[in-house]
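A quick write-up on the structure given underneath.
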Amino acid sequence: MTSSPQIIEHGRGRPPLDPHLKALENEAIHIFREVAAEFERPVMLYSIGKDSSVLLHLARKAFHPGKIPFPLLHVDTTWKFAEMIEFRDRIAQEYDLELHVHTNPRGRAENITPFTHGSARYTDIMKTEALRQALDAGKYDVAFGGARRDEEASRAKERIYSFRTPDHRWDPRNQRPELWNIYNGMIRPGESVRAFPLSNWTEVDIWRYIEAEEIPLVPLYYAAERAFVERDGMLMMAEDARFEPLPGETVQRDFIRFRTLGCWPLTGAIRSRASNLTEVIDELEIATVSERQGRAIDRDQSGSMEKKKREGYF
Amino acid sequence: MTAPSTPAVSLVNFEDDAPAPHHAGKDSRPLRFITCGSVDDGKSTLIGRLLWDTKAVKEDQAAALSRDSTGKQNDLGLPDFALLLDGLQAEREQGITIDVAYRYFSTDKRAFIVADTPGHVQYTRNMATGASTADLAVLLVDARAGLLEQTRRHATIAALMGIRQFVLAVNKIDLTGYDEPGYHKIARDFRELALTLGVNNVISIPVSALKGENIVLSGKATMPWYEGPTLVEVLERATQRGGQSTGFRLSVQRVSRPGEGFRGYQGTVSGGSIKPGDSVVVLPSGVEANVKQIVTFDLIRNAAVSGDAITLVLDRPVDIARGDMIVALDQRPQTGTAFSARLVALSPDAIEPGKRYWLKAGSRRQRVTVTPTQQLDLQSGKWQPATTLPLNAIGTANLDFDEAAIFDAYETNRQTGAFILIDPDTNNTVAGGMIQGRRKSSDGLAREGAEKVTVTLPAHLLAAFRASDFARDHAGEIRISADEDE
């Protein structure tokens, strides 16, 4: 006997979602539909990671049986893992998505890299500035993102509709109050909104939803024997041709996996034997460190995420 | 070279014998609650304690706290919880909490979303925001001080926003030497206060947030006289927000027409339930139809209930647009151009009489003229005549629409009875509103009041009667008065 015996979902080859995940899913679908109906030119930020994968799945659900009524945008820093790019292109084709890829031409021309320019400057140019360029070029008035409030302290006060000035700035002291599930999408020309359907999801929710809905993921989330070095307390994967070991560094091989995915020089792996979803969730439920721990950009200084957000970072 | 397994590169600290992992699904929706109290009551410590003892705070976050902390750690070796909670740099610098923050934690049984709101400046605005989605309110008092003026204010706002379950956390009980009679007096006072506000589901708990007693872990060792549940046990058992006693409601968000032959109405069920074959009526047009299919990504469903995001297919072509409501044929909401409502003013610009605003309710946005009539004096609990509503005021106003509006009373449905006001000059959200009912004429509720049934009761029964489900369900129809002869 299930917890809601009166509801039968024909054709679903899986057991129904538990009420907790169902509530989160319903809320996200509601937000997707509301944004798509209220704004002129929506776009969905797609970063290829697990949260983006859930976001994409929810978008497909929200507009079923129709197609997703907006394009996806990937800001490619050129330093993503090769497996991420392969996965992105496969998914775009399989789901028949309208995918735009943007790389900051200035960054490319000046050959900005995380190794030569430092993680802060690199992130500012290749991610934040690139995102602003792409949003301006597309004249998008709303961009969906997969950010969650449990990720980082400054996110805890983020609205579901996060208002941005014409130069994409976020003013944490001047946000619109958000009551019930009624969202205010009224903006002036040039202003925009970042919409976060996953605001109320936690990392465990994301993983349990991926399991329940059988959502495909980049294989880097699962443990495998990979080459890496230990640098500044971070396990840096050493499988990209651009990787160069520093003097004194030894390339090791062991079972590692990633808890979040970003640019490979800035994203630390963890030692793990969790090679499938069940094992990843088992590991997560007894985890004692947070997922952003592997992100170099968060550790630059205290409050660094808030600074980046004010400047237009997602 | 062998790398030591530090927390930096491994998820799990294997030093402890970890329990056998399991990831069974949660059997209920997340419980949303709001915490009310001031810094002095230990609110940050209480929330921090909930997160800490349910292991929602990870080691690296705790490490960042000790890096930020200015040596303010307490003697229990805990991090400075206020730092954990005050997420924004601006707040840290000023040492105040300026907005609503949402926190997440879970137990084996249930997941929780806490709306953490500041207890001082702009508390009405922030509390109203947090309370709008909350199932339950945790009110915090200092065991040494008992109920304060602000306890009454917080309880009043929570009740007004439709919260019908209160938990009183009598904090810092350790500082009273675990004084049992003192605790019971506070609990009794609070129950009386809650009853006057129409809330009869009240639980009091003696706690020490700092020492972690009766929050997540039991306080039996120091309070053998307390037989009741811990705070987390109460939260695990709490019911979800009620007040959805209307029939089927669906506010149409968008019309899906992916190709010839399919026309679906997408939205979230905000009351009642629906199944194929049910008769519905579309408002405001009044056209009737039957439900043919409930479509979701997981193919066809045989029913949908409140909260479900669905696509509805009807058995005949009907002209339906975004903002229309599809409702149960035999249980319709109120439609009209004149309503009265409670308002919470959220903006530094006051709600001005006769000003035209945008009103958004569900997926519908329409023009409305707002005329404030009363303001609640939070100190006395009395309603006073008013013509404007300044920031943080709670008031009553008349709403007059150009075109028909569709609402339920907030008392009966917290979704179809709620709305926001948007200032067309600034696009800001300037008020949250709760529908009381339709006005039958332009001169307000007075005439409608004449149609109410008057219930006269001995004074000592008034509070209990007001708190009853019957009185709440018929709030718009009865007038309650004290028997003067008693």
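Residue numbering restarts at 1 for every chain, and letters A, B, ... go by the order of the sequence lines.
One distance of note links CD1 of A:Ile182 with OG of B:Ser251; it measures 9.5 Å at 0.5 Å rounding. In this structure, OH in B:Tyr104 is found 9.0 Å from OG1 in A:Thr202, a value given to the nearest 0.5 Å. Taking CD1 of B:Ile422 as the reference point, atom CE of A:Met186 lies at 5.5 Å (rounded to 0.5 Å). Atom CH2 of A:Trp180 sits about 5.0 Å away from atom CE of B:Met434, to the nearest 0.5 Å. Here CG of A:Asn184 is found 7.5 Å from CG of B:Asn428. Values are rounded to the nearest 0.5 Å.
A:Arg188 places a side-chain heavy atom less than 4.5 Å from the side chain of B:Asn427. B:Gln266 places none of its side-chain heavy atoms less than 4.5 Å from the side chain of A:His64. The shortest side-chain heavy-atom distance between B:Val344 and A:Leu179 does not fall under the 4.5 Å cut-off.
Looking at A:Arg159, only its side chain comes within 4.5 Å of chain B, counting heavy atoms on both sides. For A:Ile187, the part lying under 4.5 angstrom from a heavy atom of chain B is the backbone only. Interface remark: B:Arg32 contributes side-chain atoms only to the contact with chain A (heavy atom separation under 4.5 Å). Contacts between B:Tyr102 and chain A at a heavy-atom distance below 4.5 Å involve backbone atoms as well as side-chain atoms. Using a 4.5 Å cut-off between heavy atoms, A:Ala28 makes no contact with chain B at all. Only the backbone of A:Glu178 comes within contact range of chain B, with at least one heavy atom under 4.5 Å from a heavy atom of that chain. Of the atoms belonging to A:Phe63, heavy atoms from both backbone and side chain fall under 4.5 Å from chain B.
With chain B as partner, the option from A:Asn200, A:Asp254, A:Ile29 having the largest number of non-hydrogen pairs under 4.5 angstrom is A:Asn200. Comparing B:Pro424, B:Ala111, B:Gly259, B:Pro258 by how many heavy-atom pairs each has under 4.5 Å with chain A, the most go to B:Pro258. Interface check for chain A: of the options B:Thr426, B:Val255, B:Thr429, B:Ile113, the most heavy-atom pairs under 4.5 Å are formed by B:Thr429. Annotation: maximal heavy-atom pairing with chain B below 4.5 Å, among A:Glu34, A:Glu191, A:Glu27, occurs at A:Glu34.
Taking each heavy atom of A:Pro177 and B:Leu346 in turn, the nearest pair found is CG-CD1, 3.7 Å.
Remark: of the listed residues B:Gln253, B:Lys360, B:Arg254, B:Lys360 is the sole one forming a side-chain hydrogen bond (donor to acceptor under 3.5 Å, both in side chains) with A:Glu38.
Side-chain contact check for B:Ser256 and A:Arg33: no donor-acceptor pair (N or O, by modelled atom type) lies under 3.5 Å.
In this structure B:Arg257 satisfies the salt bridge (charged side-chain N to carboxylate O under 4.0 Å, His left out) test with no other residue, sequence neighbours excluded. With sequence neighbours excluded, the residues satisfying ring pair (Phe, Tyr, Trp, His ring centres under 6.0 Å) with A:His57 are A:Tyr209, B:Phe297.
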